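Report on the following structure.
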Protein chains: 2
Amino acid sequence: MHRETLQRYMNYLLLLTKLKSEGRATVTSDELAVREGVTGSRVRQDLSALRILGKPRQGYRIADLEILISSMLDILSAKPVALVGIGNLGRALVLSDIWSHAGFDLVALFDNDPALIGTSVAGLPVRDAAIMERFIQEQGIESACLALPADKAQAVADRLVDAGVRALWNFALIDLDVPAGIIVENQRLEQGLMALSFRIAKRNQDIARGPQD
Amino acid sequence: MHRETLQRYMNYLLLLTKLKSEGRATVTSDELAVREGVTGSRVRQDLSALRILGKPRQGYRIADLEILISSMLDILSAKPVALVGIGNLGRALVLSDIWSHAGFDLVALFDNDPALIGTSVAGLPVRDAAIMERFIQEQGIESACLALPADKAQAVADRLVDAGVRALWNFALIDLDVPAGIIVENQRLEQGLMALSFRIAKRNQDIARGPQD
DNA sequence: CCGCTCTCGGTACCCGGTTATCGATTCTAC
DNA sequence: GTAGAATCGATAACCGGGTACCGAGAGCGG
Ligand SMILES: NC(=O)c1ccc[n+]([C@@H]2O[C@H](COP(=O)([O-])OP(=O)(O)OC[C@H]3O[C@@H](n4cnc5c(N)ncnc54)[C@H](O)[C@@H]3O)[C@@H](O)[C@H]2O)c1
Ligand SMILES: NC(=O)c1ccc[n+]([C@@H]2O[C@H](COP(=O)([O-])OP(=O)(O)OC[C@H]3O[C@@H](n4cnc5c(N)ncnc54)[C@H](O)[C@@H]3O)[C@@H](O)[C@H]2O)c1
């Protein structure tokens, strides 16, 4: 599955939640399509690939779509995950509700700042990063999120992988080097901002050249 | 330009920075290619599209690449931008150095929490969101970042657009409704985490089915 | 100086993602 | 009940991003 396709599924899910909150029970392929900038054809193929069946003149049942897309993404499970680096970004992540929405259960916070160790955020204690490996092994945690300075991320990632972590969600602006089989998902905030910069420049160029061409 | 292609350019840039710090002056298309999981052919076409010329048996000059890719993304400028919502996420963004890296200059912070108004973060004062429109109009600010609760984002976006903002970087988990011509770049953190969940599930399936097929 | 090798630049080809099309199905209206 | 409209499911056609290939030029070794 290509990244673009995966993103479409996640966007369907977001739109479905909104539709459901509006009291809708079904949705047509064209409705989903216009929001994504593709055709109804593409949407029907996406859904067909998940063995989701719709009904003519009625569309797809929203509840079915939600369950099947969620299953494919495996976001109905509660995989334990640890968060390392309880700075501003880390705290924002702890307090957000994205973990359960994405199939994770945030079970441990680690930092190496003595001022933070022992405090708690959203009911979870901040533990000393020194005991990180032991805790992760004992709890069998296989996923971790890195919200650390870029120059600390690689060393911490190495320790986590040694302790048994096999999937990393990385916010540091660095290309982590990990063994084969270890998944790294980089959340590159600055690339989102760069994309905005590019789109602004492109729009301004288009306006300057005139809308006729 | 497709999103995938744009992302490749940004990744080239990240890798170039690393190579430059290692003292390299040139780079070959194949070197850039392996990091991106594409062929040298694709990289050469990407660079050729920017009118970047390399030399046989030598590669491309890193300095040239950096300048031309940066120009295309327009990240060498300093577009003024305002940030609304100085919670944990907002504070992390203020303290990061992504703004200048992506062609922006963070010039104003807004919040509506009386406890925050008047304090300052990284030297910038937190202003009262009540005076947001006037300030943005007076300063001619055309970009803004939303780090707000989802249920407040639409209302604030409306006010910003009315005040002249034409590009939004949105962190709230909501599909903003804006007039045509206004750019919205959504930074959907939870989708990154969902993508991780999907990749973990896929890997585990692949392992279960055995590596032979 | 002369090949040899490496890498670029351009072109042709290919593949898979996207769209278009059409028959099949089901709901609505009268 | 029947006609008609709407929408699905499947298949075929299209298109553009990606790859393969080849000729050309630049450095290297002898
Ligand atoms: N990719 C981006 O665009 C982007 C944007 C914003 C932030 N970030 C990254 O996210 C990181 C976190 O941001 P922040 O604002 O929360 O930074 P921060 O400095 O507030 O927090 C970093 C935390 O990590 C802790 N830490 C440092 N070394 C550690 C170690 N070895 N083990 C355990 N904990 C350790 C520190 O004590 C601190 O609490 C930043 O360093 C930045 O690189 C990236
Ligand atoms: N998309 C994601 O996956 C994701 C992840 C984390 C956070 N977020 C979003 O980012 C938002 C910010 O996160 P946070 O942890 O900093 O939240 P927060 O609650 O700490 O901060 C929100 C800030 O916005 C301010 N605010 C509220 N209404 C306002 C208004 N009308 N005008 C001006 N300021 C206003 C509040 O005073 C507060 O300081 C969250 O609400 C969340 O939706 C999204």
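The model shown is predicted, which means the values in this text are computed figures rather than measured ones.
- Remark: P of C:dT7 and CG of B:L65 are 15 Å apart, rounded to the nearest angstrom.
- Distances shown here put every side-chain N or O of B:H2 at or beyond 4.0 Å from the OP1 or OP2 atom of D:dG16.
- Atom-to-atom, CG of B:L53 to C1' of D:dA24 comes out at 14 Å; the value is rounded to the nearest Å.
- Of all the heavy atoms in B:L193 and A:I98, the pair that sits closest is CD2-O, 3.9 Å.
- Nucleotide C:dC8 holds its C1' atom 16 Å from the CZ atom of B:R61, rounded to whole Å.
- Salt bridge present: A:R35 and B:D175 bring a charged side-chain N and a carboxylate O closer than 4.0 Å.
- Nearest-nucleotide positions on DNA chain C for B:V27 and A:R42 put B:V27 closer to the 5' end.
- What separates CZ of A:R44 from C1' of C:dT21 is a distance of 10 Å, to the nearest Å.
- Using a 4.0 Å heavy-atom criterion, one finds that B:R8 contacts the sugar-phosphate atoms exclusively.
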* Assess whether ring pair (Phe, Tyr, Trp, His ring centres under 6.0 Å) is satisfied between B:F198 and A:Y9, documenting all intermediate values. => CA-CA 11 Å; B:F198 171 77; A:Y9 281 118; 8.4 Å; no
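- Side-chain atoms of B:T28 lie closest to C:dT7 of the nucleotides C:dT7, D:dT7, D:dA12.
- Counting distance only, with no hydrogens placed and no angle test, the side-chain atoms of A:E31 and the base atoms of D:dT7 include no donor-acceptor pair under 3.5 Å.
- Interface remark: the A:E4 side chain does not form any donor-acceptor pair with the C:dT18 base, using a distance-only criterion of under 3.5 Å.
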Pairs under 3.5 angstrom, nitrogen or oxygen only, protein versus nucleotides 26-30 of chain C, please.
| from | atom 1 | to | atom 2 | distance (Å) |
| --- | --- | --- | --- | --- |
| C:dC27 | O2 | A:R57 | NE | 3.3 |

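- Residues A:Q7 and A:N11 have side chains that never bring a donor and an acceptor to within less than 3.5 angstrom of each other.
- For the pair B:S48 and C:dG10, the criterion of a side-chain N or O lying under 4.0 Å from OP1 or OP2 is met.
- The separation between B:R51 atom CZ and C:dC8 atom C1' is 16 Å, rounded to whole Å.
- Rounded to whole angstrom, the span from the CD atom of A:Q45 across to the C1' atom of D:dT7 amounts to 16 Å.
- Between A:E133 and A:R159, at least one side-chain nitrogen of the basic residue sits less than 4.0 Å from a carboxylate oxygen of the acidic one, meeting the salt-bridge criterion.
- Residue A:R3 places its CZ atom among 12 or fewer non-hydrogen atoms of other residues, nucleotides or ligands, all under 6.0 Å distant.
- Residue-level contact check: A:S41 touches the bases, meaning some heavy atom is under 4.0 Å from a base atom.
- With rounding to whole Å, A:L50 atom CG is found 12 Å from D:dG9 atom P.
- Atoms CG (B:D46) and P (C:dG10) sit 14 Å apart, rounded to a whole Å.
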For residues 57-72 of chain B, tabulate all N or O donor-acceptor pairs below 3.5 Å that involve a side-chain atom, not counting sequence neighbours.
| from | atom 1 | to | atom 2 | distance (Å) |
| --- | --- | --- | --- | --- |
| B:E66 | OE1 | B:K20 | NZ | 3.0 |
| B:S70 | OG | B:E66 | O | 2.6 |
| B:S71 | OG | B:I67 | O | 2.6 |

